[in-house]
Every structure is written in C-alpha cells, then in structure tokens.
Amino acid sequence: MLKFSERSEANIRRQTELENARVERGAGLSTDVLQAKQQLAGAQARRVRAHGALAVARNSYKTVFGFMPDAILAADRPIVPASMIPQDVEEAVSIALDNNFRLEAVNISNEIAGEIVDTTRSSQFFPRFEAVGDVKFKNDVSGTVGYKREAVGKVQLSFPFNLGFTAINTLNASRSDHVSALKRYGETRDLVEEQMRNAWQNLNTARETAEFLRNQADIVSEFLEQARRERQLGRRSLLDVLTGETQLINASSDAASAEADVDIAGFTLMSVMGQLDLDLITSTP
C-alpha cells in the first residue's frame, strides 16, 4: 500500500507540473492547477498514513518474533497450499472435529474426569486386597553374634467405613465434575463446528471479494491510461485524470488487502482443522 501511495503521489505531482507548464504557456487554467495541488496534498497524506501503518506493522512483528523483518523476509509471502483445502464444508467440519487441538484438549479433560469417578468409587466403596511381604536381614544385632533373616508374608483386606458419608459426597462431587466436563466437551464441539463453518465461508467470501477487487483495479487502471491520453488531446478534463488516480490507488490497495485476507482466511481454516504447522508455512514457496 505504501508503494501504491508513492506511485500515485508521483503521478499526481507529474500531472501538477504539466498543468503549471500549460498555465505558463497560456494554454491552461489556474483552477486546474489548484485541483491538481489539492489532489497532490491528498496523495501525500495517504502516503504518510501508509508509511505510518507500515511502521506500526513492523513494530507488531518485532513484538511477536523479537526482531525487525528484513527486506527479504518482508518479500516472502506464504501461500495456503490448495491441496490442503477440503472439497466441501462438511469434509472440513469432519476433519476439524477429529483433529482440532482445543477439542482434543477438552476431550482429554473429560476422560480424566471419568477416570477420577472410577477411582473415587473404587477407593471409597470397595475393599482393598493387598499381599504384603517383609524381609529383614540382621547381623550381630542386640549383642548376638551371627547372621539372622526374618521373612514375613501376609494377605490383608481393608475396607473404608465413614459414618459421616464423606465417601458419598466425594463420589457425587467427582460425578458433578465429570458431567461438567461432558458439557464443556459438547459446547466446545459445537463451537469448533461453528468456527469451521465460519472459516469456510470467510475463505469463500475473501476469494470472491479479491477476484472482484482485482478486476476493479484492472478496469480503473485501463480507464486512467485512457484518460491520460485523452487529456493530452484535450478531450478529457484534469479532474477526470486526478479522480482516476485516486480511484486507482484505492482499488489497488483494496485488492492487495483482499488478497492478504484470502491467505489469512485459508490459514485460519487450517488452524481450526488442526492442520496448521510451521513447516507448512516456511516450506511454501
């Protein structure tokens, strides 16, 4: 966007110089020069804003990665591989429900809560059978010279008994935790499905929007070239040329932003599916 702004400013500045030259020769209008200067001031303001936005973006990059992006890194643009995008939204939802990291983490918590219920029930309500073995080796003990070994083996049974119903309360608490975990899993599953469908729609919307905006930028560029030629021949007003310049920078910036939105939407979709990996990004040409 900064490059678009600089290019537009240079074109409007050149047009302003041409109008000044016409006025000096007596062939132009001073109002045209004022229009050109007005558009030039607007182009300069857009260039300043774009430069500021770039500085903010670089600062944000440094906050995340710890260093400023160099020129080579800034030129690299990761592209979502088309082979990783499912054919339809239902397939994408199925992949997300099987591989989403957040859903997997919640499912693990749910399984742990279920195991705690089983552990609580067995430890609080069932007897415990234990086989205990004890071997002692003694040498010159208690003033007795010589070696002695003692070996004891036994089987013992223990059964918890609590008149305060602590075991029942503990079991009920673990069951409540398990029910809560089940509900969280269901809610997370619904949320992941919603995120997947939204990501799918956002990707399709971004693709269509980028296509229309690229087409718009091409049309505006062709119009501007034609308007410049007609202006030289005196068949087009200066205002038409200057308006075309503004429209071109806006259309070009919108198209560039839309193309970035396509990449962001694609990587977001892969993230929800649980298939976003650093190697996938760095290895993409």
Side-chain angles (χ1 to χ4, degrees), residues 1-5 46 49-50 52-65 69-108 184-222 247-285:
M1 294 178 64
L2 177 60
K3 291 180 180 179
F4 292 146
S5 300
R46 285 192 297 270
R49 287 195 298 268
L54 176 60
V56 171
R58 290 172 60 86
N59 294 335
S60 177
Y61 187 99
K62 185 178 185 301
T63 300
V64 175
F65 297 102
D70 55 26
I72 298 178
L73 182 60
D76 293 337
R77 176 182 171 183
I79 301 175
V80 180
S83 60
M84 299 293 293
I85 304 298
Q87 296 297 322
D88 56 67
V89 64
E90 298 302 331
E91 181 182 355
V93 170
S94 178
I95 295 175
L97 294 179
D98 290 337
N99 300 293
N100 183 270
F101 298 123
R102 181 179 179 184
L103 186 60
E104 183 178 352
V106 175
N107 185 47
I108 292 175
R184 283 195 299 271
Y185 177 77
E187 293 173 354
T188 304
R189 183 181 178 90
D190 294 340
L191 179 61
V192 168
E193 180 175 353
E194 180 187 5
Q195 290 177 339
M196 187 70 260
R197 295 186 184 277
N198 290 342
W200 181 270
Q201 184 59 50
N202 290 339
L203 177 59
N204 291 334
T205 301
R207 284 173 171 173
E208 294 180 6
T209 302
E211 181 178 356
F212 287 127
L213 291 178
R214 282 194 297 266
N215 186 42
Q216 180 188 30
D218 293 339
I219 293 174
V220 173
S221 179
E222 293 176 3
Q247 291 176 344
L248 178 59
I249 182 176
N250 291 337
S252 300
S253 299
D254 291 343
S257 179
E259 291 175 356
D261 289 341
V262 172
D263 295 337
I264 294 173
F267 284 120
T268 300
L269 183 142
M270 296 184 64
S271 176
V272 178
M273 289 193 303
Q275 296 185 341
L276 184 60
D277 186 82
L278 181 60
D279 294 335
L280 176 66
I281 300 176
T282 56
S283 62
T284 303

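All heavy atoms count here, side chains included; hydrogens, waters and symmetry mates do not. Residue numbers count from 1 along this sequence.
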Original post:
With sequence neighbours excluded, what pairs up with Q201 under the side-chain contact (heavy atoms from CB on, under 4.5 Å) test?
Top reply: T205
**OP:** Please identify each residue that fulfils side chain to side chain donor-acceptor pair (under 3.5 Å) with Q275, with sequence neighbours left out.
**Re:** none
Subject >> N-O pairing of R197 and E90 below 4.0 Å >> reply: yes
Original post:
Crowded around M1 CE? As in, over 12 foreign heavy atoms under 6.0 Å?
Top reply: no
Original post:
Got a second to check how far R214's CZ is from S252's OG, nearest 0.5 Å?
Top reply: 12.5 Å
Subject >> Nearest-0.5 Å distance, CD1 of residue I219 to CG of residue L248 >> reply: 12.5 Å
Original post:
Where do N250 and R46 come nearest, in terms of heavy atoms and distance?
Top reply: OD1-CD, 4.4 Å
Subject >> Straight-line distance of S94 OG to E193 CD, nearest 0.5 Å >> reply: 10.5 Å
Subject >> W200 side chain reached by I85 side chain, heavy atoms, under 4.5 Å >> reply: yes
**OP:** State, yes or no, whether a side-chain contact exists between L103 and Y185 at a heavy-atom distance under 4.5 Å.
**Re:** yes
Subject >> Side chain S60, main chain V56, donor-acceptor under 3.5 Å >> reply: no
Original post:
Counting distance only, does the side-chain N/O of S271 pair as donor-acceptor with the main-chain N or O of F267 below 3.5 Å?
Top reply: no
**OP:** Give, for atom CD of E91 and atom CD1 of I95, the distance between the pair rounded to the nearest 0.5 Å.
**Re:** 4.5 Å
Original post:
To the nearest 0.5 Å, what is the distance between CZ (R49) and CG (L2)?
Top reply: 12.5 Å
Subject >> Under 3.5 Å: donor-acceptor pair, side chain of S257, backbone of S253 >> reply: no
Original post:
Could you walk me through whether R189 and L97 pass the side-chain contact (heavy atoms from CB on, under 4.5 Å) check?
Top reply: CA-CA 7 Å; R189 183 181 178 90; L97 294 179; 3.4 Å; yes
Original post:
What distance separates L213 CG from E211 CD, expressed to the nearest 0.5 Å?
Top reply: 10.5 Å
Original post:
Closest approach of F4 and A256, non-hydrogen atoms and distance?
Top reply: CE1-CB, 4.0 Å
Original post:
Within the distance-only criterion (no hydrogens, no angle test), does the side chain of N100 pair as donor or acceptor with the backbone N or O of A96 below 3.5 angstrom?
Top reply: no
**OP:** Taking all non-hydrogen atoms of both residues into account, name the closest pair between A210 and A258 and its distance.
**Re:** CA-CB, 3.7 Å
Original post:
Mind checking what makes side-chain contact (heavy atoms from CB on, under 4.5 Å) contact with N59, not counting sequence neighbours?
Top reply: M68
Original post:
Does the side chain of M196 reach to within under 4.5 Å of the side chain of L269, using non-hydrogen atoms?
Top reply: yes
